[in-house]
Amino acid sequence: MILKKTSVTRNSFNNLILPFYNPSFFIPVKGKGSRLWDQEGKEYIDFSGGIAVTSLGHCHPILNEVLNYQSKKIWHTSNIFTNEPALRLAKKLVLSSFASYVFFANSGAEANEAAFKLARYYSTKKYHLKKNQIISFYNSFHGRTLFTVSVGGQSKYSDCFGPKPLGIQHAEFNKIETVKKIINKNTCAIVLELIQGEGGIIPASKSFVKELRLLCDTYNVLLIFDEIQTGIGRTGKLFAYEHYGIKPDILTIAKSLGGGFPISAMLTTSEIQSFIKPGIHGTTYGGNPLACAVAEATIDIINTKDVLSGVKKKLHRIIFELNIINKRFKLFTEIRGIGLLIGIVLEKNFVGKIYDILNAAFIEGVILLVAGNNVIRMAPSLIIKESDIIEGMSRFCCALEKII
Ligand SMILES: *Cc1c(COP(=O)(O)O)cnc(C)c1O
């Protein structure tokens, strides 16, 4: 049976959906690999990867097969039961990370919410009731629940939603003295993105992360890495912390984990696990069999030498093409990030024009993202074809020609 569909257009968005978003003028209806097609059949090269989510491109044949297979076995049972895909996925995450235990949720914000709650729970149980202060960083992004916008370091996301949760302090990213100034015996956790994503693709320096670890050890503070954007292969390693040689106590992942199917996870150690009892936290959908089956296949494909080492090659090709563009247009001052989380920092005279650039790129058939207010972000599929990179960059070039 085919359900009856009514026709819809971009214009109906304004009459139907709350304007928390302002979607682009076209509606993608089909995707394959790094290409998308809209309602009119126009084709786009996708350098956005669904904001660092579709790391294996659109409709990867193996993910499609796994999703179809699981959809005929079992969809949902709730956490009254456990399920095979969740156990298999947890095993893979534990075997390939610092962690010994996993908690599944559905979105990045929920994984962080769980991480912050857990840090407070553990620290107040283990040490004393006042050990509940969280230190995070200006310009950081940790999600949109009230707790996570409050921990996040951009007030535009939390303004007018108060009263906010208490016990949160912000320090300056990559400035260890500002952390030393506020850390004390009541601090329970320090949380950071190893590369600030929404904030403009700003990597933490190695010495900063190393010193944070030392401070945490000195003050019995938990170190939390929010790898929601950087995890699962995005940087060319399964986790970005592997580039730093520093292990966290708690780590959160989401975006790439499900390759486009909503799922997130919080990973932690046996020490922290030993304080947890049934009932203190939970979620209806966490560990959903469909999501876990797709995530398991996603990790199987990404956590291979081929895909992970391919990230570097693809990055080099992108940088090569971008440098050619820059010779002509003097568009950017710097390319930053690690692996395929790429920030193109615009020259001063383009800063106010970033949305014009993105729009012109849409019109030419290439999809790019923004991060911060002066950075074009790219987070393409980790297995994007070289020919798609070249074609996408040539379309980007045409877009620039039209507006410069
Ligand atoms: C996207 C993101 C989040 C929020 O994830 P949602 O799935 O939107 O809740 C949190 N932290 C970082 C670093 C992110 O990039």
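One-based numbering, in listed order, for ligands and for the atoms of each. These numbers were taken from a predicted model, which means no experiment stands behind them.
- A distance of 6.0 Å or more separates the ring centres of F396 and F47.
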Report the C-alpha distance between N132 and T124 in whole Å, list the side-chain angles of each, state the deciding distance to 0.1 Å, and finish with yes or no for side chain to side chain donor-acceptor pair (under 3.5 Å). CA-CA 7 Å; N132 56 27; T124 52; over 6 Å; no
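- For atom 7 (O) of ligand 1, the nearest protein heavy atom lies under 4.0 Å away.
- Below 4.0 Å from some heavy atom of E193 lie the following atoms of ligand 1, by number and element: 13 (C).
- Under a cut-off of 6.0 angstrom, the local environment of CD in E334 is crowded, with over 12 non-hydrogen atoms contributed by other residues, nucleotides or ligands.
- Atoms of ligand 1 lying under 4.0 Å from at least one heavy atom of N112, given by number and element, are 10 (C), 11 (N).
- Among all non-hydrogen protein atoms, the one lying nearest atom 1 (C) of ligand 1 is K255 NZ, 1.4 Å.
- For R234, the side chain to side chain donor-acceptor pair (under 3.5 Å) test picks out S55, with sequence neighbours left out.
- Atom numbering of ligand 1 starts at 1 in the shown order; those under 4.0 Å from a heavy atom of S107 are 7 (O), 9 (O).
- Counting only heavy atoms of the protein, atom 5 (O) of ligand 1 lies nearest to G108 CA, 3.3 Å.
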L331/L346 under side-chain contact (heavy atoms from CB on, under 4.5 Å): CA gap, chis, key distance, verdict: CA-CA 6 Å; L331 179 70; L346 295 181; 3.9 Å; yes
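- Residues satisfying the side chain to side chain donor-acceptor pair (under 3.5 Å) criterion with S48, sequence neighbours excluded, are D46.
- Any N or O atom pair closer than 3.5 Å counts here, and G143 shares no such pair with ligand 1.
- Few gaps surround CZ on F25; more than 12 heavy atoms of other groups in view lie less than 6.0 Å from it.
- Between F141 and Y157, the distance separating the two ring centers is shorter than 6.0 angstrom.
- The proximity of T252 to ligand 1, defined as any non-hydrogen pair under 4.0 Å, does not occur for either the backbone or the side chain.
- Protein heavy atom closest to atom 9 (O) of ligand 1, with residue, atom name and distance, is A109 N, 2.7 Å.
- Comparing heavy-atom distances from atom 10 (C) of ligand 1 across R144, E110, H142 singles out H142 as nearest.
- Residue Q229 has at least one heavy-atom neighbour below 4.0 Å for each of these atoms of ligand 1: 15 (O).
- Atom 11 (N) of ligand 1 has D226 OD2, 2.7 Å as its closest protein atom, hydrogens excluded (heavy atom only).
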